[in-house]
Colleague: 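Sending over a structure as structure tokens; questions will come in a sec.
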2 protein chains.
Amino acid sequence: MLPNKPTIKDVAERAGCGIATVSRVLNNSGPASVASRVRVLAAAEELGFKFNEFGRSLKSQRSKTIGVLVPTLSNPVFADAVQGIQQAAAVHGYDVILTCADYDQMTEQKALATLLAKQVDGVVLTVSSPENSKVLQVLNDNNIPHCLIFNQPTDSGISAVGVDNVEAARIVGQKLFEFGHLNAAFVAVQFAKSDRSADRYKGFAEIYAKHNLNQPTLLEVDYAPGDLELALIDLFEKSPSTTALFASNDMLALACIRALRSLGKSVPEDISVVGFDGIAVADLVHPKLATIATPCHDMGSKAAQLLVKALQKNEKPPAGVISLPFEFRCGESLSIAAKKNSDGQAATRPSDLSATQMQPNK
Amino acid sequence: MLPNKPTIKDVAERAGCGIATVSRVLNNSGPASVASRVRVLAAAEELGFKFNEFGRSLKSQRSKTIGVLVPTLSNPVFADAVQGIQQAAAVHGYDVILTCADYDQMTEQKALATLLAKQVDGVVLTVSSPENSKVLQVLNDNNIPHCLIFNQPTDSGISAVGVDNVEAARIVGQKLFEFGHLNAAFVAVQFAKSDRSADRYKGFAEIYAKHNLNQPTLLEVDYAPGDLELALIDLFEKSPSTTALFASNDMLALACIRALRSLGKSVPEDISVVGFDGIAVADLVHPKLATIATPCHDMGSKAAQLLVKALQKNEKPPAGVISLPFEFRCGESLSIAAKKNSDGQAATRPSDLSATQMQPNK
DNA sequence: CCACCCTGTGGAAACGTTTCCACTTTAGCC
DNA sequence: GGCTAAAGTGGAAACGTTTCCACAGGGTGG
């Protein structure tokens, strides 16, 4: 019925020449007379010949495939980056095998194992903690070229593309300071599991230290429903003069705005909120989210380019962190700090805050 | 330096047996004495032996890889689905090669070609229009098992997993009707390119026809900045009695809310807005978005399961559309229709609409 | 006690490529 | 016109695996 897929042998037979010649013609990898050239090309065309990549890969030990390992696609940041990787890879004839590790070290290792089994030529990845990462260890041991994204490893022997989280957070800190926010908090999910959160807190705190202000409160929350509200209530009890929140990512920032609203506080009138990442929806919501816009897509494509270029030269991507430009995007969620008196009530809006806290709207 | 990757031959040598025995032991694919079993296992362990998938695939003509073709990862809907596919595939030892086609038929075909070149065993995909799709044609011609997601093909010979868009849209229509929205509009991006948008409009319009009301206005917009605002201004001029918008997806719904705000209309007081998809942020924004929550993740994993199961039995996934349950989520963006007088002004808020239209807030 | 059948075994072919190498042929040059 | 060099060519090995097959040995049933 359906003729079995034609092989190079079939083409050779039809073109009346040896398989070596076919290979040379089709790959432009060696001399061939014009005559055989046209015969082979014609034969291949007629038969609808396509190379079998297995045979190719077996011989060359190259899969023309790069592995991608990210925590999740649920965060648009990673989704965008993956798309960037995919596009850049496609341009150079590489495919992308995708794995997600869900911020879990065990899963990370398993995912990497399957990538290795598929003999990916290289890997673009984000790990939960680049120092002491088993995954990076394995990649090194197996001599697999790789490039980190989002992570900013302190170990300079490794190749990475990202944004300067510390510097970006400094800018957020500076802006908040300029807007009069003398007491701020930093909100993060799973702070311990993310080097990025740590860097952001670091840069943020630096600015407050520089101005001899209180260190920003570190608010670590989890995804349990209501947890954020409780944490915020606690925050305002302990630090009633807090006027701004810096969330470690945009999704969390949006969640903060919602939680604040349910506590009867409005953004930015009572509290300013700044996010990080610059995801698309940040611009669609009201108030527009103030955030650091990061080039996630470019991060992915840059890393892929770096990696592919290195693979083609049969080497590793250049060591060192490439920092891509970011931009502070001043959305409506950030405004001048409301004047507060000592017990944290906004002077301009003398309504009883503790009362509104007790009576969340619905 | 680094010892070349051990092959099955090395294991055989070390275990003092033939390669056939090693293969049988390691794959549990044939008889082997206990003695050789332990020797082989030990040898493999000591050498850190890993199968070379190229050799395997070459022999078996199976790649244990499934291809994924979606329009984009920027829409969280697809990102979630891809993650579902990936997870389900991983469970069964399959990997995922990802390609994005950006709603473009040319790109779709190219992407599929690279998937085929990589000899994927099957494909999970979303195409722009499942009828007359070249991509599906190619898949059929090449006898590649495949399963659609999101699409709801009318051709019942094909396997697909999705939600019943028509029915879901009927429910939206019914809800809007019950809330007193007698004049509504349907907003879509690239209506012509999406069978899903068409289905949604169909179900929506059906309800309005059933109640002998005006057909919902069809508002086709594009992504050009400001286009949505213009379209809405036009809409309210021509159909001032419109009290509700049904957007073909959540991102668009959020954009609508923003555009409406910039036109001086508030949601839901002046206009109600309903989205479609149920993306995560829909619940974080204010007003919470009323939407149809669809199980994107499950859609992906279900499709992958179907496909993998079929592949293991060396057949195609069962023909027919599997409709997954969805849920109408009534967010704050939907409320009782404001009473309007004939020229479209909300009776309860007699501010001059045309004036506020001219003076968008910022 | 012999024929038989299982179990365990390893050699070898096959999968589709690429590429080395050795063999034509042709052209170029004195 | 002979020599060499280059260009064109195909055979065959190699990549690492699976699996068919043939064969050895030892138990069983007649």
Side-chain angles (χ1 to χ4, degrees), chain A residues 3-41 43-44 47-65 93 116-121 142 312 314, chain B residues 3-41 43-44 47-65 93 116-121 142 312 314:
Chain A
N4 262 334
K5 281 218 167 176
T7 76
I8 204 175
K9 221 174 215 163
D10 300 322
V11 178
E13 195 171 332
R14 178 155 193 135
C17 67
I19 58 171
T21 302
V22 175
S23 175
R24 278 188 294 256
V25 170
L26 263 25
N27 290 302
N28 256 322
S29 61
S33 65
V34 189
S36 11
R37 247 197 169 75
V38 302
R39 284 209 319 276
V40 167
L41 257 17
L47 264 44
F49 171 75
K50 293 273 160 52
F51 278 113
N52 180 321
E53 294 294 328
F54 297 149
R56 274 190 143 169
S57 298
L58 177 55
K59 187 76 216 184
S60 65
Q61 297 299 356
R62 288 267 162 75
S63 59
K64 294 274 257 172
T65 299
L116 293 193
K118 275 290 191 305
Q119 330 262 336
V120 295
D121 294 340
N142 290 63
Q312 285 170 340
N314 216 341
Chain B
N4 262 332
K5 282 218 166 175
T7 75
I8 204 175
K9 223 175 215 162
D10 300 321
V11 178
E13 196 171 332
R14 179 155 192 134
C17 66
I19 58 171
T21 303
V22 175
S23 175
R24 277 188 295 255
V25 169
L26 262 27
N27 290 302
N28 256 323
S29 61
S33 67
V34 187
S36 8
R37 245 197 170 73
V38 304
R39 285 210 318 277
V40 166
L41 257 18
L47 264 44
F49 171 76
K50 293 272 162 52
F51 278 114
N52 179 321
E53 293 293 329
F54 297 149
R56 273 189 145 170
S57 299
L58 178 55
K59 188 74 224 209
S60 66
Q61 298 298 356
R62 288 267 162 77
S63 60
K64 293 276 259 171
T65 299
L116 292 193
K118 275 290 189 306
Q119 331 263 335
V120 295
D121 293 340
N142 290 62
Q312 285 170 341
N314 215 341

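Side chains included, hydrogens not; waters and symmetry mates left out as well; all remaining heavy atoms used. Numbers restart at 1 for each chain; the letters A, B, ... are given by sequence-line order, proteins then strands.
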Colleague: Is there a side-chain contact between B:Arg24 and B:Pro31, using heavy atoms and a 4.5 Å cut-off?
Modeller: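 Of all side-chain heavy-atom pairs linking B:Pro31 with B:Arg24, at least one is under 4.5 Å.
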Colleague: Rounded to the nearest 0.5 Å, what separates atom CZ in A:Phe54 from atom OG in B:Ser60?
Modeller: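 Output value for this atom pair is 7.0 Å.
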Colleague: For B:Phe49 and B:Val22: C-alpha separation, side-chain torsions, deciding distance, then whether side chain to side chain contact (heavy atoms under 4.5 Å, CB included) applies.
Modeller: CA-CA 11 Å; B:Phe49 171 76; B:Val22 175; 5.6 Å; no
Colleague: Hey, what do you get for CD (A:Glu53) to CZ (A:Arg62), rounding to the nearest 0.5 Å?
Modeller: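 Nearest 0.5 Å value for the CD-CZ distance: 13.5 Å.
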Colleague: So B:Leu41 and B:Val25, do their side chains get closer than 4.5 Å, heavy atoms only?
Modeller: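 Yes. Closest side-chain heavy atoms under 4.5 Å.
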Colleague: Once you round to the nearest 0.5 Å, how far does CD of B:Gln61 lie from CG of A:Asn52?
Modeller: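 The distance works out to 5.5 Å.
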Colleague: To the nearest 0.5 angstrom, please state how far the NZ atom of B:Lys50 sits from the OG1 atom of B:Thr7.
Modeller: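 Interatomic distance, B:Lys50 NZ to B:Thr7 OG1, rounded to 0.5 Å: 14.5 Å.
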Colleague: Under 4.0 Å between any heavy atoms, over every strand shown, what does A:Ser57 touch: base, sugar-phosphate, or nothing? Just pick one.
Modeller: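 Counting heavy atoms under 4.0 Å across all strands, no contact is made by A:Ser57.
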Colleague: At what angle, to 10 degrees, do the two end axes of the helix from C:dC1-D:dG30 to C:dC30-D:dG1 meet, given five pairs define each axis?
Modeller: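 Terminal axis comparison yields 50°.
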Colleague: If I take atom CD1 from residue A:Ile8 and atom CZ from residue A:Arg56, how far apart are they, to the nearest 0.5 angstrom?
Modeller: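 Going from the CD1 atom of A:Ile8 to the CZ atom of A:Arg56 covers 8.5 Å.
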Colleague: How long is the straight-line distance from OG of B:Ser33 back to CZ of B:Arg39, given to the nearest 0.5 Å?
Modeller: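 If we round to the nearest 0.5 Å, B:Arg39:CZ and B:Ser33:OG are 7.0 Å apart.
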Colleague: Restricting to nitrogen or oxygen on both sides, can you table the protein-nucleotides 25-28 of chain C pairs closer than 3.5 Å?
Modeller:
none

Colleague: Pick out the pairs of N or O atoms, protein on one side and nucleotides 10-17 of chain C on the other, that lie under 3.5 Å.
Modeller:
residue: C:dG10; atom: OP2; partner: B:Gly18; partner atom: N; Å: 2.9
residue: C:dG10; atom: OP2; partner: B:Thr21; partner atom: OG1; Å: 2.7
residue: C:dG10; atom: O5'; partner: B:Gly18; partner atom: N; Å: 3.4
residue: C:dG10; atom: N7; partner: B:Arg24; partner atom: NH2; Å: 2.9
residue: C:dG10; atom: O6; partner: B:Arg24; partner atom: NH1; Å: 3.0
residue: C:dA14; atom: N3; partner: B:Lys59; partner atom: NZ; Å: 3.4
residue: C:dC15; atom: O3'; partner: B:Gln61; partner atom: NE2; Å: 3.3
residue: C:dG16; atom: N2; partner: A:Gly55; partner atom: O; Å: 3.3
residue: C:dT17; atom: OP1; partner: A:Asn52; partner atom: N; Å: 3.0
residue: C:dT17; atom: OP2; partner: A:Ile8; partner atom: N; Å: 2.8

Colleague: Check step by step if side chain to side chain contact (heavy atoms under 4.5 Å, CB included) holds for B:Thr65 and B:Asp121.
Modeller: CA-CA 6 Å; B:Thr65 299; B:Asp121 293 340; 5.7 Å; no
Colleague: Between A:Ser33 and D:dA7, is there a contact of a side-chain N or O with OP1 or OP2 at under 4.0 Å?
Modeller: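 For D:dA7, OP1/OP2 do not have a side-chain N/O of A:Ser33 under 4.0 Å.
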